[in-house]
Protein chains: 2
Amino acid sequence: MTAERTQRRLIAIGSGKGGVGKSTLTANLAIALQKAGRKVGLVDADIYGPSQPVILGNQGQKPVARDEKLVPVESAFGIPVLSMGHLVEPGRALAWRGPMAGNALAQLVDAHWGDVDTLLVDLPPGTGDVQLTMLQRFKPVGAVLVSTPQDLALMDAARAGQLFDQAGVPVIGLVENMAGYVCPHCGEVSDPFGKGGVEKAAGRLELPFLGRIPLDLAIREGSDRGEPPASGDDAFAKPFHDIAAKVDAWIGARS
Amino acid sequence: MTAERTQRRLIAIGSGKGGVGKSTLTANLAIALQKAGRKVGLVDADIYGPSQPVILGNQGQKPVARDEKLVPVESAFGIPVLSMGHLVEPGRALAWRGPMAGNALAQLVDAHWGDVDTLLVDLPPGTGDVQLTMLQRFKPVGAVLVSTPQDLALMDAARAGQLFDQAGVPVIGLVENMAGYVCPHCGEVSDPFGKGGVEKAAGRLELPFLGRIPLDLAIREGSDRGEPPASGDDAFAKPFHDIAAKVDAWIGARS
């Protein structure tokens with residue numbers, strides 16, 4: 001542990017299950033926290049399925065190494081980021097066993113993060129090597145859990161929560177994603193994945209509920225196009241800024 | 001390799017990315033292939049996030065061991081299944097490093113599958129230990145890839161495809177999931193995750209396109225409730241039976 005590293009707080013963004021919007025939340029939370037005055041960096045710890053280079057629109061850039069440590073890649077949103085997606089060519093599978101994945105995480109976290117004070121770690125699905133290496137070597141100050149309202153996703157979120165709990169990492173709160181889809185034809189709202197399940201689960205687990213992000217084409221397309229909604233100031237930015245305000249307050253209360 | 005095992009074909013269901021409906025497809029494909037006359041078993045290889053006990057409605061049952069091998073658990077749909085979800089209590093995180101996950105897979109595959117001739121393996125996200133152990137120890141005859149039409153999901157599906165390709169496992173085809181959501185208010189169709197991207201990707205990769213499964217509350221609720229749509233005979237069963245017919249023909253052509 002260097003003096004540099006102990007000044008920097010890690011916040012893990014986890015879900016247990018994949019495909020529930022963890023990477024989208026992480027990128028937008030990073031941007032919103034930065035707008036709130038934090039110096040934020042982002043580690044894409046989804047070694048096998050990195051998506052941050054696409055979401056943050058800096059695919060194709062390569063990090064350089066200095067003194068055997070990586071220098072993070074800049075993004076158009078002022079968020080430096082490190083991702084395996086910057087180190088391997090797109091579409092290439094990393095057929096790596098766990099220890100290599102754990103080492104890769106260490107390289108991404110233990111890098112030249114400069115004046116970054118808050119490092120968000122976008123975790124892969126599961127509770128395996130990457131999660132264990134993070135908990136053992138780079139203990140986060142807190143974790144945000146994201147889930148869709150579907151029972152099957154909540155089950156995996158509970159598993160992820162239990163892992164943080166065992167490691168003594170406080171869960172800052174839960175985020176519900178993909179609730180409330182507005183029909184582009186009639187404007188009525190419906191919920192393909194259900195609604196309210198995450199807020200109920202938060203109550204049951206006695207954890208804070210941080211907010212709800214709608215299922216919306218604009219958010220999905222923004223992620224595919226490298227334009228995270230939180231970088232703008234329209235209606236799709238708001239839920240991310242509201243969640244970031246709660247995370248910011250949580251950090252403030254513990255500093 | 002025992003004589004018994006060489007008679008049994010493994011088919012892997014993969015996606016690269018989580019949360020795209022891989023487990024739902026696997027359960028329904030198993031039921032549909034069984035209705036088509038195959039003797040089908042199901043291995044839930046998502047060690048960290050097992051969902052088959054919920055989808056197949058046999059949560060809480062425990063497999064017994066005989067001669068140091070597991071005996072699969074029956075389900076109401078005539079599909080024997082083995083899943084870590086049957087071996088650990090719900091909500092409990094398996095904080096396992098890769099070698100343990102790989103060993104767990106071996107225990108699930110190398111079990112008393114009896115007269116099962118076709119074993120579907122529901123893979124976890126990523127291209128790590130479980131995938132590598134499967135490819136090295138229990139080579140599948142073919143793989144089905146499932147993705148949503150979203151660019152970010154397709155990217156991970158391409159990675160999974162590359163892994164099978166490197167291992168000499170033919171990809172039977174691609175399935176598009178979560179396309180075409182019917183608004184419950186006005187009945188009009190829209191596509192929160194886009195549409196057609198998987199069929200286009202199949203064309204680009206010169207792989208067969210097996211079909212499209214709509215985003216529908218009925219399918220999601222059926223999965224959460226342990227009632228897979230393919231077990232019925234309504235409109236939601238059809239896409240699964242159509243896909244199963246193509247997989248069945250593929251198996252037939254190679255036997």
Side-chain angles (χ1 to χ4, degrees), chain A residues 16-20 23 46-49 51 54-55 90-99 101-102 124-129 131-132 135 148 150-153 155-156 158-163 166-167 178 181 183-186 188-194 215-217 220-221 223-225, chain B residues 16-20 23 46-49 51 54-55 90-99 101-102 124-129 131-132 135 148 150-153 155-156 158-163 166-167 178 181 183-186 188-194 215-217 220-221 223-225:
Chain A
K17 190 171 174 66
V20 300
S23 297
D46 198 343
I47 307 295
Y48 301 111
S51 42
V54 170
I55 295 176
R92 191 173 167 82
L94 283 179
W96 282 0
R97 291 195 174 269
T127 50
D129 288 85
Q131 286 81 1
L132 297 176
L135 291 170
T148 65
Q150 178 172 16
D151 291 355
L152 283 171
M155 207 165 67
D156 286 357
R159 289 189 186 108
Q162 205 218 9
L163 186 73
Q166 282 175 353
M178 299 192 198
Y181 175 66
C183 173
H185 299 283
C186 70
E188 294 280 345
V189 177
S190 62
D191 300 292
F193 298 98
L215 176 62
D216 197 283
L217 258 182
R220 200 268 299 162
E221 289 175 347
S223 286
D224 276 354
R225 206 172 46 218
Chain B
K17 190 170 174 65
V20 297
S23 298
D46 198 344
I47 307 296
Y48 301 110
S51 43
V54 170
I55 294 176
R92 191 172 168 80
L94 284 179
W96 283 359
R97 290 197 174 265
T127 50
D129 288 86
Q131 285 81 0
L132 297 176
L135 291 171
T148 64
Q150 179 171 16
D151 291 355
L152 283 171
M155 208 166 63
D156 286 358
R159 290 190 185 107
Q162 205 218 7
L163 186 73
Q166 283 174 352
M178 300 194 197
Y181 175 66
C183 173
H185 298 283
C186 70
E188 293 280 345
V189 176
S190 62
D191 301 292
F193 298 98
L215 176 63
D216 198 283
L217 258 181
R220 201 268 300 164
E221 288 174 350
S223 286
D224 277 352
R225 207 173 46 219

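Just the heavy atoms: all of them, side chains too, but no hydrogens, waters or symmetry mates, feed the values below. Just so we're on the same page: letters track the sequence lines, and every chain starts at 1.
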Spell out, as yes or no, whether a donor-acceptor pair under 3.5 Å connects the side chain of [X] to the backbone of [Y].
| X | Y | value |
| --- | --- | --- |
| B:Tyr48 | B:Trp96 | yes |
| B:Asp129 | B:Gly102 | no |
| B:Gln162 | A:Ala93 | yes |

Given a strict heavy-atom distance threshold of 4.5 Å, which part of [X] is in contact with chain B: side chain, backbone, both, or neither?
| X | value |
| --- | --- |
| A:Pro90 | neither |
| A:Ala95 | both |
| A:Leu217 | both |
| A:Asp46 | neither |

Identify, with sequence neighbours excluded, every residue that meets side-chain contact (heavy atoms from CB on, under 4.5 Å) alongside B:Pro184.
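Partners of B:Pro184 under the side-chain contact (heavy atoms from CB on, under 4.5 Å) test: A:Ser190, B:Tyr181.
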Rounded to the nearest 0.5 angstrom, the OG1-CG distance for B:Thr127 and B:Asp156 is 9.0 Å
Heavy-atom contact with chain A under 4.5 Å, split by part of B:Gln131:
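Neither part.
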Under 4.5 Å to a heavy atom of chain A? For B:Pro192 that would be both
Most chain A-contacting option - heavy-atom pairs closer than 4.5 Å, from B:Val189, B:Leu163, B:Leu152:
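The option with the most such pairs is B:Leu152.
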Under 4.0 Å between a side-chain nitrogen and a carboxylate oxygen: does that hold for A:Arg220 and A:Asp224?
yes
